Amino acid sequence: MRTSWADSVTNAVSEIAVSDNNSLSLPTRSTYVPPHLRNRPASDVPNLSGPASERASFSGTAGGPQWPRWSGGGGTKPEFGRQGQGYGYAGAGRGGSGVGWNNRSGGWDRREREVNPFGDDDEVDDREQGFTEQENMGINFDAYEDIPVETSGENVPPPVNTFAEIDLGEMLNQNIRRCKYVKPTPVQRHAIPIALGGRDLMACAQTGSGKTAAFCFPIISGIMREQYVQRPRVARTVYPLALILSPTRELSCQIHDEAKKFSYQTGVKVVVAYGGAPINQQLRELERGVDILVATPGRLVDLLERARVSLQMIRHLALDEADRMLDMGFEPQIRKIVQQMDMPDRGVRQTMLFSATFPREIQRLASDFLSNYIFLAVGRVGSSTDLIVQRVEIVLESDKRSHLMDLLHAQRENGVHGKQALTLVFVETKKGADSLEHWLYINGFPATTIHGDRTQQERELALRSFKSGKTPILVATDVAARGLDIPHVAHVVNFDLPNDIDDYVHRIGRTGRAGKTGLATAFFNESNLSLARPLAELMQEANQEVPAWLTRYASRAPCGGNKNRRSGGGRFGGRDFRREGSFSRNLDYYGGGNGGSAYGVPANYGEYAPGVTSAWD
DNA sequence: AAAAAAT
C-alpha cells in the first residue's frame, strides 16, 4: 500500500511544526489566502484551523486522484490544514487584492505590481481594461475544423465546444478573452475536461495547436479552486503546486510567458528556472512564492539538490515535448525528478504528457509516470488542409549552400518590398550552424544562429533578432526544433535532414502555425536514405506531392529505417500503444480486437471500452 | 553520430 499524497504531506508538515510555530509568532507574517478567495470579503475566508469536516478527507483510489473534481459536489479533497494554524506560507502576501497582501507591510508594498503581460496597459487597477486589437494572437480556428481526434482510456470525459461550457473561473476567462481566444482548439476541447476531471493524460497534438493552454488552464484553474494548502515553511525551500518541464530553455521561457498571461491577476504565481542564466535572480523569484514552476531538467535538479525547491506539494505535473523528455538523453534526469525526489506518486499527483509525436517505446516508458491515463490524439494540423506545403529536393552535399542561396534569392524577389521572409534553416551540427551562418552573412544574407554552444544570452538575442526580422534567416540545430512559437515563419529549410522522422515533424511544425500556411523544403541525398520511407509515408498522409524518385527510394529502403517508431503508421501523430498487440495479446478482452489498422475508425470506439466518447462529433 | 540539459 503506497503512501498517499496526503500522508506524505502530513508527515512533512509535522516535521516542520516547530519552525512554523515560530514563524506564526511573527506579527508581520500574514495569513496565506488562497487565490480563489482573495477577492472576497475577509469573512468568507474559512478558518484554517476549523473542523476537519470542512475539508473532506483524501481518498486516493486506483481510479486516480479525486480531489481536483472540486465542482463535482461529491468529490473528495485531500485533508490539509488540520495543523494549518502552525504554518506560514513561503509566498505569503503575493498578488491579488485579498487579505494576505495589503495588511502585510503597513501598507508599504515594496514589490512591484504584477506586470501586465498583455503589454497594453501600464495602469493595473480595478477597472475593466479595454484591450486593444493591435495584436492578433488569435488562432485561425477555421483551420481546425474537422480535425480527427481519438481518445482511449476509461470513462473519458466528453469534449466541450466553448470555453463558456467550462467553469474555469472568471479571472481565467478574462485572460482567455484578453488572449483573444474565441473558442477552444481541438486539443483544448478534449484535454481541458480530461484534466479538470483530475485524470492523467497522454496527448498527441502538434505544437501551435494550443497545447500550452490545454495544460495551463486546468492547472491554473485547479490551483485556484482546489482545497488550498498551507505550505511548509522550511528555511528557503519553496513548494510549488505544479511543475511544467520542457526540454529547452527557450521553450521553458515561452511556456512561462504564456502561463503568465493566463494567470494574470489570478494570484497564481508562475516562476521559470533554467540553466545558462544566473541562478540568483531565479532564486529570488522563487522566494517571492511560486505556485507553478516551469523549468528545464538540469536547473531543476540543481535547485532540488540545493533544497531550494521541494516537489512535496506537487499536484500537477506536465511534461511538454514529453517524447523528447523521455528519450535517452533526458530520461534519467526525468526519472530522478519524478521518481527519486520528493514528488507525490503517480495517482496521487496528476500527470499530463504532451507532444506532437509519441513513439511506442516512449509511450511504454511514459506509462511509468501515469495512472489510469487517457490517451488523446489530435489530428496533425495540415494533414488535410495543406497548411504546410512540403517539398523535397535532391541536393548533393556539395551543392547545398548554393541551392539554399537560390531559394533565398527567389524568396527575396517574391517577397513584399524585397523583404526576406522569415526562414528557419535546420542543420545537423553546431559547427555546421556557425559555418553556414557565417557563409550566409558574407554572402549578403542577414543571418544568425541558435545552438547549444552559444551562450544563453546569444541564444536569446538570436531568437529576438530573428523574430523581429532584423536577421530574417535563422540557422538552427534541433534546439529550435520543438515547441518554439515563432510567428510568421514562412519557410523551414531542412538543410540537413534529421535521422528521425519525428524530428522532421517537429521541425516543419515551426511554420504553418496557428492555422497559417507555411512552406517546408528538405534537401535530400544519399545520406538520408533511411528517411525515405517514413518521409514518403508522412507526405502521403499529409496529401503532399511525393516525388517519384522518393517513392522509388522508399520502396528500396530497408524496412527498419526508423525502427517503426511511428507506431502503426499513426495517421496523425500517434496512437495509444495500449491498443496495440505488442502491449497485450489479449486485445479481445477489450472487445476491440482491432488489427492495428483501425486507428481513426470510430466504429471501434464503443467496443474498446465503455464510456469512451466518440471524438467525431 | 548529434543535440539538449547544471555549475
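The sequence lines fix the lettering, A, B, ..., with proteins before strands; numbering per chain opens at 1. None of these values were measured; they are calculated from a predicted model. As a basis for the values below, the full set of heavy atoms in this structure was taken, side chains included, without hydrogen atoms, waters or symmetry mates.
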Please output the side-chain donor-acceptor pairs of residues 436-445 of chain A that fall under 3.5 Å, not counting sequence neighbours, one pair per line with the distance.
unit_1, atom_1, unit_2, atom_2, d
N443(A), ND2, W439(A), O, 2.7

side-chain hydrogen bond (donor to acceptor under 3.5 Å, both in side chains) pairs touching residues 333-343 of chain A, sequence neighbours excluded, are E305(A)-K336(A), S310(A)-D342(A), E331(A)-R335(A), R335(A)-Q339(A), R335(A)-D368(A)
Hits for salt bridge (Lys or Arg N to Asp or Glu O under 4.0 Å) against E460(A), two or more places apart or cross-chain, chain-then-number order -> none
Across all chains, not counting sequence neighbours, the side-chain hydrogen bond (donor to acceptor under 3.5 Å, both in side chains) partners of D399(A) are none
Sorted by chain and number, sequence neighbours left out, side-chain hydrogen bond (donor to acceptor under 3.5 Å, both in side chains) with S468(A) holds for none
Reading nucleotides 1-7 of chain B from 5' to 3' and marking B where a protein heavy atom lies under 4.0 Å of the base, S where only the sugar-phosphate is that close, and - otherwise, the string is BSSBBBS
